[in-house]
Amino acid sequence: MGKKGDLSNFERGMVVGARRAGLSISQSAQLLGFSRTTISRVYKEWCEKGKTSSMRQSCGRKCLVDARGQRRMGQLIQADRRATLTEITTRYNRGMQQSICEATTRTTLRRMGYNSRR
């Protein structure tokens, strides 16, 4: 059985409400259309932490280039519009403690709205 995706805050609230109303895990699962595992996991999280919101938005690897680094990279590009990717990466790494590779530079520039030209 595959995953359908994350539950919305409303759906999580419905799970907690059904359990607090006295329904069993099986009855709640049948009523709401979720698996028994999902019902028990959401209700357990609510009992232990008192929250129903999903914190999955903070998953994944953190970006090496933060907002300050993006501003700096934008300044480097404005200083020399014809600079190659290698030159931009080298100039960026000169002033930073943590160096980045060209692929990271390329990804950051695309996220900032810059595209490569020949």
Legend entry - Point-to-point distance, once rounded to the nearest 0.5 Å, from SG of C101 to CG of L64: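 Interatomic distance, C101 SG to L64 CG, rounded to 0.5 Å: 8.0 Å.
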
Inset, instruction - Specify the closest pair of heavy atoms between V65 and Q70, including all atoms of both residues, with the distance to one decimal. - result: CG1-N, 3.6 Å

Legend entry - Residue pair W46 / R12, side-chain heavy-atom distance below 4.5 Å: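 No. Closest side-chain heavy atoms not under 4.5 Å.
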
Legend entry - Crowding at CZ, R111 (>12 non-hydrogen neighbours, <6.0 Å):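 Check passes, neighbour count above 12.
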
Inset, instruction - Could you tell me whether the side chain of R68 reaches within less than 4.5 Å of the side chain of R72, counting heavy atoms only? - result: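 Contact flag for R72/R68 side chains = no.
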
Legend entry - Atom CZ of R41: over 12 foreign heavy atoms under 6.0 Å: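 More than 12 heavy atoms, drawn from other residues, nucleotides or ligands, come within 6.0 Å of this atom.
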
Inset, instruction - Decide yes or no for L85 and L109: does some side-chain heavy atom of the first lie under 4.5 Å from some side-chain heavy atom of the second? - result: yes

Inset, instruction - For the residue pair R19 and I25, establish whether any side-chain heavy-atom pair is separated by less than 4.5 Å. - result: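 When only atoms from C-beta onward are counted, I25 and R19 do touch, with a gap below 4.5 Å.
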
Inset, instruction - Measure the shortest side-chain to side-chain distance between M73 and I100 over non-hydrogen atoms and say whether it is less than 4.5 angstrom. - result: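 They are in side-chain contact.
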
Inset, instruction - Check whether any side-chain heavy atom of E48 sits under 4.5 Å from a side-chain heavy atom of Y43, and report yes or no. - result: no

Legend entry - 4.5 Å side-chain heavy-atom contact, T86 and E102: yes

Legend entry - Pair T38-S35, side-chain donor/acceptor within less than 3.5 Å: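 T38 vs S35: donor-acceptor pair found between side chains.
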
Inset, instruction - Answer whether the closest heavy-atom distance between the side chains of L76 and Y92 falls below 4.5 Å. - result: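 Answer yes - side chains close enough.
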
Inset, instruction - To the nearest 0.5 angstrom, please state how far the CD atom of E87 sits from the CG atom of D80. - result: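 Nearest 0.5 Å value for the CD-CG distance: 6.5 Å.
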
